[in-house]
Amino acid sequence: MIDTTGQPVVRVVDLVKRFDDRAVLDGVNLQVIQGETMVIMGGSGCGKSTLLRHMIGSIWPDEGYVELFGQNIAELNDDQFDAIRKRFGILFQSGALFNSMTVGENIALPLKEHTDLDDDTINVIVTIKLELVGLREAAHLMPAEISGGMKKRAGLARALAMDARVLFYDEPSAGLDPVTSAEIDQLMMDLSKKLGVTSVVVTHEMDSAFRIADRMAMLDKGRILKIGPRSEFEALRNGAVTGDETSDLIRQFLRGDPDGPITRRRRSDGYEEDILDAAAGHS
Amino acid sequence: MTNMSPDSLIQNVRWVDRSAVVEVAGEVNLAHSNAFQEDLANIVAEKPQRLVLDLAGVTYMDSSGIASLVKMLSRAKAIGASMHLVGMSDRVRSLFEITRLDHVFEIHATCDEALASS
């Protein structure tokens, strides 16, 4: 059980991000406590990947701020941010491998760049990380020679190379077969429960989310609709439709139902205006 | 007496017949990795029949620490010696389990067990 009053490792405060005039994130507040697995979910375009990119400092907010390990990352100089950067790992959706390097070389790269370890020691660490993700036999293959799922596992091995204390995952299960997906979930849980690694996971794969989460946050239209322990979301998923728009929307998402507030909203938003515009030749 | 680096993680080395019992304490991490490997290599150079690493005082170990132990296992095997790990905390033990190295190393609860093993 995670102590939610514990030390936050990641803290998002009043975050607002606009693309053109549209608020993709609209006042998001979120804390991730040391050692917990926080799953951030929501439909396509809800802002969850944008939120993740703010947390890792790859884009900057229009308002609000992000703290990592107690430090506002917008206030850090390059050296200070580099020091923080070594303490977290990122698994990108695509794996984000360098195509000109073998899988093993990709995993060795952060160790070569950030440590003075000799080649033999780095080779041992690379072998260990590849074994962790079940990819030892692929060490000498090029990214073009492996499947999408293998690329993702290789990306995870690289994210683990420096023994990060916090791992950010962008859709870790997407595109994986069920066994590989369950294996990755198990590894994420082992890292969290046995080694105390903090995880922030953006996903819309509900089976995986309910396996790995300590707490969950539901994002919709750039706002957090609900944040709480997994048990609350399980109860919501398993409960009856209530007529409360927010609860029913979350329930529809968790169950993957074809009917509900999400569907009604998609079908109603501006349809009349659009079709009349089309008829008038304005589209 | 084996020479140790300043601020060595190795607190003590005692010999029981031809077995070297090495007490390790502190954080076995990147900051100490190269010196730790050098200290262990100096002990292996004395050609023990059995190398017993007592890790009871280890508060944290990262991948570079594990890699150091793997390299030392390789060196020990090369001279026909066995290598044993004892006194691991639950956390360190978990690290070996997750990385599946608990099947690669001989792991015992106590030094006496390790010394009595074949």
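Quick caveat, the model's predicted, so the values are computed rather than measured.
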Check your understanding: Quick one: side chain to side chain donor-acceptor pair (under 3.5 Å) pairs with a partner in residues 136-145 of chain A, sequence neighbours left out?
Key -> Glu131(A)-Arg136(A)
Exercise for review: Output the distance between atom NZ (Lys193(A)) and atom CD1 (Ile98(B)), rounded to the nearest 0.5 Å.
Suggested key: 11.5 Å
Check your understanding: Counting heavy atoms not belonging to Phe98(A), are there more than 12 under 6.0 Å from its CZ?
Key -> no
Check your understanding: Taking all atoms of both residues into account, what is the closest heavy-atom pair of Ile128(A) and Ile66(B), and its distance?
Key -> CD1-CG2, 3.6 Å
Point to revise | Side chain / backbone / both / neither for Leu132(A) at chain B, heavy atoms under 4.5 Å | key: both
Review point. To the nearest 0.5 Å, what is the distance between CG (Asp190(A)) and CG (Leu95(B))?
Key: 11.5 Å
Point to revise | For Phe233(A), all residues meeting ring-ring contact (aromatic ring centres under 6.0 Å, His included), sequence neighbours excluded | key: none
Check your understanding: At their closest point, which heavy atom of Asp163(A) faces which heavy atom of Ser64(B), and how far apart are they?
Key -> OD2-N, 4.4 Å
Exercise for review: Pick one of side chain, backbone, both or neither for Arg100(B), based on which atoms fall under 4.5 Å of a heavy atom in chain A.
Suggested key: side chain
Exercise for review: Taking all heavy atoms of Ser63(B) and all of Lys129(A), pick out the closest pair and write down the distance.
Suggested key: OG-NZ, 2.6 Å
Practice item. With a 4.5 angstrom heavy-atom cut-off, could you sort out which part of Asn34(B) is near chain A: side chain, backbone, both or neither? Key: side chain
Check your understanding: Taking everything shown except Arg87(A) itself, do over 12 heavy atoms lie less than 6.0 Å from its CZ?
Key -> no
Point to revise | For His32(B), all residues meeting ring-ring contact (aromatic ring centres under 6.0 Å, His included), sequence neighbours excluded | key: none
Practice item. Pick whichever of Leu160(A), Thr121(A), Leu191(A), Thr127(A) has the most heavy-atom pairs under 4.5 Å with chain B. Key: Thr121(A)
Check your understanding: If you check every heavy atom in residues 105-120 of chain A against those of chain B, which residues fall under 4.5 Å?
Key -> Thr115(A), Asp116(A), Leu117(A), Asp118(A), Asp120(A)
**Study point:** Atom CG of Asp90(B): over 12 foreign heavy atoms under 6.0 Å
**Key:** no
Point to revise | Arg75(B) CZ: over 12 foreign heavy atoms closer than 6.0 Å | key: no
Exercise for review: Considering only heavy atoms and a distance below 4.5 Å, find which of Ser68(B), Ser94(B), Ser33(B) pairs most often with chain A.
Suggested key: Ser94(B)
